[in-house]
Amino acid sequence: MKKVLLIGGAGFIGFNITKFLAENRNYEITVADNFFRGKMDVLLTDLVDKYKIRVVNADFTNAASFDQLDKDYDQVYMLAAVVGVKYTEEIPNELIRINAFLALNTLEWLKTAQCKKVVFTSTSECYAGTIEAFDYQVPTPESVPLCIDDITHPRFTYAVTKMLGESGFMNYSKVFGFECTIVRYHNVYGPRMGFKHVIPQVTQRFLKKEDPFKIYGYDQTRSFNYIDDAVNGTVLAMETPDVSGEIFHIGDMTDELKIEELIKYIGELMDYKGTYEYESAPSGSVSRRCPDISKAQKMLGYDPKTSWKVGVKNTIEWYVNYINTGGDVFE
């Protein structure tokens, strides 16, 4: 029985990876989290109880918290981070502190722990500046140079910490002898993704009957990746042999759509009858984002299945039901 640790395993992607592994693998699973973004809700509680998952509730920006973990794991998923444009705007100082300490404390723990393989989860935000400043190709491959548009802008604090993590995990793995693979997520979405992201925020605005409804960054494009597909890609990156040292873009290159189309589709799902107004995008927002996933397809067998309309419909239905039944709007 393999031992698996998910640092940040209560968050959006972490919870769904935990669920997938619990239901499809015979693993001994430990979830480590401080429950800042992930919530110990009934979904997680039921999963933990059913599959006898160990939960370590601690602040891992404190290095001493790692003493609560075992010293040996077959697989470590490093997912913990503060993410979300609103957080970069509201608490950029805390975002840098938290994400940097999470990465560095994990790396220092890995120096002495007996862990066979680590997957570090990164982001397309690491190369957002490259697209804007140098008109780099879209769909974008993993070989893209990483670039920050404006180092003083709070929007890029998250990307800076993920660049630190990518460099740290790759180089520590070479020096201290554990396998490491990096995945860069591209606009992952789905039920229970929190409330600091576009789709849940837009859902709440429609429920409040905003009219006119402002579409920010209406002409920008994104390629969205449904949570089930993101989980599949991440687990493949962990479990596929001989991919240590590789970086994979995990997303969906099938549909690069305008934000206007996304918002109006959500409005249609929510029976919105009002009018729309077009507004410019928030400062620092990238104009285009669509990953080239051919490397992940070839080396991992990654094959996203969920169309954006199906995924968005599933997500909207979950949030409408959650909010209308009195669910706690946490974060």
Side-chain angles (χ1 to χ4, degrees), residues 11-13 15-16 36-39 41 43 82-92 95 123-125 128 153-155 157-158 185-227 230 251-252 255-290 306-331:
F12 170 46
I13 299 176
F15 164 78
N16 281 281
F36 169 64
R37 297 207 70 237
K39 189 182 177 189
D41 56 10
L43 294 174
V82 178
V83 59
V85 174
K86 286 294 183 182
Y87 283 130
T88 67
E89 295 171 345
E90 295 168 2
I91 54 167
L95 192 144
T123 174
S124 58
E125 288 287 328
H153 198 300
R155 167 67 186 257
T157 51
Y158 174 62
Y185 292 130
H186 291 71
N187 292 93
V188 181
Y189 72 100
R192 196 186 175 274
M193 68 184 296
F195 294 88
K196 294 289 187 179
H197 301 279
V198 171
I199 293 176
Q201 288 178 337
V202 166
T203 304
Q204 292 176 84
R205 289 172 58 202
F206 275 122
L207 286 173
K208 292 175 182 176
K209 309 295 185 184
E210 286 190 20
D211 189 7
F213 194 97
K214 293 182 179 181
I215 305 178
Y216 297 93
Y218 62 93
D219 57 345
Q220 294 189 339
T221 68
R222 296 292 185 270
S223 181
F224 291 89
N225 188 214
Y226 192 59
I227 182 60
D252 192 334
D255 293 300
E256 182 187 0
L257 65 143
K258 287 187 176 182
I259 296 299
E260 177 186 7
E261 184 177 2
L262 170 70
I263 302 304
K264 288 186 174 179
Y265 177 65
I266 295 174
E268 179 184 326
L269 292 174
M270 299 185 68
D271 198 31
Y272 179 69
K273 303 298 184 185
T275 59
Y276 292 99
E277 286 187 356
Y278 299 97
E279 299 286 345
S280 59
S283 175
S285 181
V286 63
S287 59
R288 292 184 69 189
R289 179 177 295 139
C290 180
T306 308
S307 71
W308 74 269
K309 284 192 172 182
V310 171
V312 169
K313 185 174 186 292
N314 292 343
T315 305
I316 296 304
E317 287 176 350
W318 188 90
Y319 273 97
V320 169
N321 179 70
Y322 181 87
I323 293 170
N324 285 343
T325 57
D328 178 28
V329 181
F330 56 98
E331 296 192 274

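Residues: numbered from 1 along the sequence shown. Because the structure is predicted, anything quoted here is derived from the model rather than measured. No hydrogens, no waters, no symmetry mates; every other heavy atom, side chains included, goes into these values.
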CA sep, side-chain torsions, deciding dist, call: Val85, Lys196, side-chain contact (heavy atoms from CB on, under 4.5 Å): CA-CA 7 Å; Val85 174; Lys196 294 289 187 179; over 6 Å; no

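- The two residues Trp318 and Pro191 have their closest heavy-atom pair at CG-CB, 3.4 Å.
- Put simply, CD1 on Ile227 and CZ on Phe15 are 10.0 Å apart, with the number rounded to the nearest 0.5 Å.
- Side chain of His197 to main chain of Ile199: no donor-acceptor pair is present (N/O by atom type, distance under 3.5 Å, no hydrogens or angles).
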Can you check side-chain contact (heavy atoms from CB on, under 4.5 Å) on Tyr226 and Thr315, steps first, answer last? CA-CA 9 Å; Tyr226 192 59; Thr315 305; 3.8 Å; yes

In sequence, state the C-alpha distance, the side-chain angles, and the governing distance for Tyr265 and Leu269, and then conclude on side-chain contact (heavy atoms from CB on, under 4.5 Å). CA-CA 6 Å; Tyr265 177 65; Leu269 292 174; 3.6 Å; yes

Intermediate values then yes/no, side-chain contact (heavy atoms from CB on, under 4.5 Å), Asn187 and Asn225: CA-CA 6 Å; Asn187 292 93; Asn225 188 214; 5.8 Å; no

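- Listed here is the closest heavy atom pair of Arg155 and Ser285: NH1-CA, 3.5 Å.
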Would you be so kind as to tabulate the donor-acceptor pairs closer than 3.5 Å made by side chains of residues 210-217, with sequence neighbours excluded?
from	atom 1	to	atom 2	distance (Å)
Glu210	OE1	Arg205	NE	3.1
Glu210	OE1	Arg205	NH2	3.3
Glu210	OE2	Arg205	NE	3.4
Asp211	OD1	Tyr272	OH	3.3
Asp211	OD1	Thr275	N	3.1
Asp211	OD1	Thr275	OG1	3.2

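- Every residue two or more places apart in sequence or in another chain that forms a side-chain contact (heavy atoms from CB on, under 4.5 Å) with Thr157 is listed here: Thr88, Pro92, Leu95, Ile96.
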Test salt bridge (charged side-chain N to carboxylate O under 4.0 Å, His left out) on Glu317 and Lys313; report intermediate values, then the result. CA-CA 6 Å; Glu317 287 176 350; Lys313 185 174 186 292; 2.6 Å; yes

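- Within the 4.5 Å cutoff, the side chain of Gln220 has no heavy atoms near those of the Val286 side chain.
- Side-chain atoms of Pro200 and Met193, non-hydrogen and from C-beta on, do get closer than 4.5 Å to each other.
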So Glu125 and Arg289, salt bridge (charged side-chain N to carboxylate O under 4.0 Å, His left out) or not? Walk me through it. CA-CA 9 Å; Glu125 288 287 328; Arg289 179 177 295 139; 2.7 Å; yes

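- Rounding to the nearest 0.5 angstrom, the gap separating the CD1 atom in Ile259 from the CG atom in Asp219 is 9.5 Å.
- Among residues two or more places apart in sequence or in another chain, the side chain to side chain donor-acceptor pair (under 3.5 Å) test is passed with Tyr218 by none.
- Taking the ring centroids of Phe195 and Tyr319, they lie under the 6.0 Å cut-off.
- Closest non-hydrogen pair, Tyr278 versus Lys264, comes out as OH-NZ, 2.8 Å.
- The distance from the CG atom of Leu43 to the CZ atom of Arg192 is 6.0 Å, given to the nearest 0.5 Å.
- Taken from CZ in Phe206 to CD1 in Ile263, the straight-line distance is 6.5 Å, to the nearest 0.5 Å.
- Here the CZ atom belonging to Arg222 is positioned 11.0 Å from the CZ atom belonging to Arg288, to the nearest 0.5 angstrom.
- Distance CZ/Phe224 to OG1/Thr306: 14.5 Å, rounded to 0.5 Å.
- Side-chain contact between Trp308 and Glu261: present, with at least one pair of heavy atoms (C-beta onward) separated by less than 4.5 Å.
- A pairwise comparison of heavy atoms in His153 and Ser283 identifies NE2-OG, 2.8 Å as the closest pair.
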